[in-house]
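So the structure is just underneath, and the comments pick up after that.
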Amino acid sequence: MRHFLSIADQSAVQLVKLLDLARDLKAELKAVGNKSLLQGKALGMIFQKPSLRTRVSFERGMEQLGGTAMYLSPAEIKLGERESVPDVARVLSRYVDAIMARVFAHSDIVTLAEYATVPVINGLSDLSHPCQALADVLTIREKLGALKGAKLAYVGDGNNVCNSLLFAAAKLGMNMSVAAPQGYEPDPAILAQARGFAAASGSQIISGNDPGQAVAGADVIYTDVWTSMGQEAETQVRLNAFRPYQVNQRLVSRAKPEVLVMHCLPAHRGEEITDEVADGPHSVVFDQAENRMHAQKAILVDLLT
Ligand code: CP
Ligand code: NVA
């Protein structure tokens, strides 16, 4: 059984295959509409956290490919509370052809995959957000033409989004420089794993605390919220720690003149990114959001056909 749980599990060849498929499905959709590659297939979508992009892009993606998607809200499933994670996996597998889940504990995604008899897709956990990273590299490749040798500066929290970007960059030969406040850097084990992949692709992975240094020579500046879903109690402490890490016009002007500015959204405007930058000429945040759908359709077609 193949799943899509982490970018780390995908070979570089497989990632490029998914990117090419996403590109082709996107072009086909815009030209003539997609063929019904997933006719009669159903996706079950488990959410323990809120979502706009993930829910709607998976649902529309399935629809465009001739299938259906079923939204299971946090209140309905109560994963691990009303029913054990293995039982949810085994029951859902009898009804649907694939499961997408957004969870708190990453171990719950792993357990779902262990017990499901259909493919499981990680729609965000506290550890990673691989669908986001795939859409992001699709966007970067569209805009820059190539990924190898490009430099991505990630400014902010060493979180789930950062982790998946580290793996994607390292696998695909992009250099990535993270600038996070002390204590909020990416996990050393994730960095070590990413550096292992980077050694094979010839890219460089740097983790530091200086945003100016990270963005110097960058082709892409990426940021995400300072307080992720589930960390709300830390909001004030984090606001203080992250204040010097705002992506604003001053920071953007220190990167390459044509730098792309990216954010997975939702954004806390005025915190990690200013309105001026999010709505400015460098921003590609809405192209990124659209590409979630194209990238995920490629994952679904790859797993289900
Ligand atoms: N970027 C992203 O995953 O957005 P949602 O939380 O709205 O799904
Ligand atoms: N890091 C954020 C990403 C949201 C898409 C979170 O986990 O809340």
Side-chain angles (χ1 to χ4, degrees), residues 4-7 22 43-62 69-74 99-109 121-140 152 154-168 178-181 184-187 190 220 222-235 237-239 241-242 245-247 261-269 271-273 278 283-297 299-300:
F4 189 80
L5 304 187
S6 170
I7 298 287
L43 174 73
M45 307 193 295
I46 302 175
F47 283 90
Q48 281 191 323
K49 302 178 182 181
S51 168
L52 169 61
R53 279 143 291 271
T54 305
R55 180 197 172 166
V56 179
S57 58
F58 267 107
E59 206 163 313
R60 280 295 286 151
M62 280 302 288
M70 204 175 299
Y71 171 68
L72 300 160
S73 78
I99 297 169
M100 188 280 293
R102 164 166 289 194
V103 300
F104 287 98
H106 186 74
S107 58
D108 282 346
I109 275 276
I121 299 169
N122 177 358
L124 180 146
S125 72
D126 286 348
L127 183 70
S128 60
H129 199 359
C131 294
Q132 183 68 52
L134 189 70
D136 295 339
V137 288
L138 177 67
T139 310
I140 297 169
L152 187 155
Y154 180 97
V155 180
D157 192 14
N159 62 14
N160 44 8
V161 168
C162 180
N163 290 343
S164 291
L165 282 171
L166 280 166
F167 291 149
V178 180
Y184 296 96
E185 299 97 341
D187 186 317
I190 299 282
V220 181
Y222 199 116
T223 191
D224 183 15
V225 290
W226 294 337
T227 300
S228 283
M229 292 180 278
Q231 300 172 330
E232 289 76 10
E234 299 170 28
T235 302
V237 177
R238 285 174 169 269
L239 271 176
F242 282 90
Y245 291 80
Q246 184 184 66
V247 175
V261 174
M262 301 182 72
H263 192 308
C264 58
L265 304 177
H268 291 172
R269 288 164 173 260
E271 293 182 14
E272 77 276 0
I273 193 164
S283 173
V284 295
V285 300
F286 301 112
D287 296 324
Q288 259 181 281
E290 178 187 333
N291 278 340
R292 287 293 302 280
M293 186 171 75
H294 307 300
Q296 289 156 194
K297 282 165 71 180
I299 296 168
L300 290 163

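For clarity, every value in this text was computed on a predicted model and none was experimentally measured. Indexing begins at 1, ligand by ligand and atom by atom, following the structure's order.
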Report the nearest protein non-hydrogen atom to atom 4 (O) of ligand 1: residue, atom name, distance rounded to 0.1 Å. Arg53 NE, 2.7 Å

among protein heavy atoms, the one nearest atom 1 (N) of ligand 1 is Leu265 O, 2.8 Å

Side-chain contact test, heavy atoms from C-beta onward, threshold under 4.5 Å: evaluate it for [X] versus [Y] and give yes or no.
| X | Y | result |
| --- | --- | --- |
| Tyr154 | Pro186 | no |
| Asp224 | Glu272 | no |
| Gln132 | Ser164 | no |
| Leu300 | Met62 | yes |

If the contact criterion is a heavy-atom separation under 4.0 Å, does Arg102 count as touching ligand 1? yes

Work out whether the distance between some heavy atom of Arg292 and some atom of ligand 1 is less than 4.0 Å. yes

Please say whether the positively charged group of Arg238, taken as NZ for Lys or CZ for Arg, lies over the ring of Tyr184, i.e. under 6.0 angstrom from the six-membered ring centre and within 45 degrees of the axis. no

Give yes if a backbone or side-chain nitrogen or oxygen of [X] is under 3.5 Å from a nitrogen or oxygen of ligand 1, and no if not.
| X | answer |
| --- | --- |
| Pro266 | no |
| Leu124 | no |
| Cys264 | yes |
| Arg55 | no |

Any side-chain to backbone donor/acceptor pair from Glu232 onto Gly230? Under 3.5 Å, distance only. yes

Test side-chain contact (heavy atoms from CB on, under 4.5 Å) on His268 and Trp226; report intermediate values, then the result. CA-CA 8 Å; His268 291 172; Trp226 294 337; over 6 Å; no

Subset of ligand 1 atoms that lie under 4.0 Å from at least one heavy atom of [X]:
| X | answer |
| --- | --- |
| Ser51 | 5 (P), 6 (O), 7 (O), 8 (O) |
| His129 | 2 (C), 3 (O) |
| Leu52 | 5 (P), 7 (O), 8 (O) |

Qualifying residues under ring pair (Phe, Tyr, Trp, His ring centres under 6.0 Å), relative to Phe286, sequence neighbours excluded: none

Might you list the protein residues in contact with ligand 2, defined as having a heavy atom under 4.0 Å from one of its atoms, sorted by chain and number? Leu124, Asn159, Asn160, Val161, Asp224, Val225, Ser228, Met229, Leu265

For Ser228 and Asp157, does a side-chain donor sit closer than 3.5 Å to a side-chain acceptor? no

side-chain contact (heavy atoms from CB on, under 4.5 Å) with His106: which of Asp126, Asn160, Asn163, Leu127? Leu127

Which one of Thr139, Asp136, Thr54 satisfies the side-chain hydrogen bond (donor to acceptor under 3.5 Å, both in side chains) criterion with Arg292? Thr54

